Amino acid sequence: MNTTNGMVDFHCHLDLYPDHQAAVLEADEAGVYTLAVTTTPKAWVRNHKLAKKTHHVRAAIGLHPQLVAERSGEISLWETHLAETRYVGEVGLDAGPRFYKSFDLQKQIFERVLRCCAVAGGKIISVHSVRAAKVVLDHIEAYLPPSRGKVVLHWFTGTKTEAKRAIDMGCYFSINAAMLNNARHASMVTAIPFDRLLTETDGPFTRTADRPSKPADVALVIEALGELKSLPTTTILERVRKNLHNLLS
Ligand code: MN
């Protein structure tokens with residue numbers, strides 16, 4: 001038993017570390033319930049194979065919006081494997097300047113993803129929404145009835161009003177340390193009810209102590225959430241674990 005036992009990293013790219021297998025084993029040994037999201041459906045098979053041998057790691061099948069310009073053709077492969085998992089991600093929309101040229105195509109792909117999830121039912125979806133909170137929520141509202149799947153907004157940076165809309169739609173939020181280091185984003189996090197909060201690292205895309213974050217680093221997110229909410233870290237940890245349980249049941 002170690003100090004990170006039972007923590008939750010609901011969005012981490014374990015397959016993007018130098019040693020994928022070692023990253024999976026380390027997360028499992030740390031006792032951190034980790035959602036290993038993927039950026040292309042081609043990565044699914046190996047992620048699933050490594051994750052299913054563990055107690056704490058689960059793989060999600062994704063098609064990252066930043067890759068849609070080059071890889072939209074892989075959506076049929078994504079559909080082929082969808083029945084093999086209840087976890088979907090990373091999917092969503094990115095309207096940042098580097099990816100805006102593919103935004104129309106991203107919207108088509110995201111619509112298809114949500115429609116497929118609605119047909120299948122019971123999926124839990126980790127969603128990217130950079131500079132696209134409104135359109136992401138419009139899509140979810142239009143194509144995924146709340147009874148047909150659950151959405152976890154990853155690294156959400158929309159406004160408080162947009163967060164409120166997402167809350168009313170039943171969305172969860174996975175919060176990372178970078179969000180809490182930003183005054184505007186931290187203020188938005190205070191508007192999210194405690195029962196919708198999960199934690200994430202988005203490793204290796206975030207850094208902790210000058211190295212890429214790993215799942216055990218969610219300990220720092222839990223600490224920061226404790227400060228934000230003036231509650232002991234043990235309370236935050238228990239609550240996040242309970243939220244994960246509710247999300248999965
Ligand atoms: Mn990510």
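Bear in mind the structure is a predicted one, so any value in this text is a computation, not a measurement. Ligands are counted one by one from 1 in listed order, and the atoms in each one are counted from 1 as well. Numbering of residues begins at 1 and proceeds along the displayed sequence.
Cation-pi geometry between K229 and F194 is met: the NZ or CZ atom falls under 6.0 Å from the ring centre, inside 45° of the normal.
Residues E84 and H48 have side chains that never bring a donor and an acceptor to within less than 3.5 angstrom of each other. In this model, no donor atom of one side chain and acceptor atom of the other lie less than 3.5 Å apart for H11 and S174.
Under the 4.0 Å criterion applied to side-chain N and carboxylate O atoms, D138 and R165 are assigned as salt-bridge partners. Salt bridge absent: E238 and K242 never bring a charged side-chain N and a carboxylate O closer than 4.0 Å.
With a cut-off of 2.8 Å, the protein N/O/S atoms near the Mn ion (ligand 1) add up to 4.
Ring pair H13/H64 is tilted by interplanar angle, where 30° to 60° counts as tilted.
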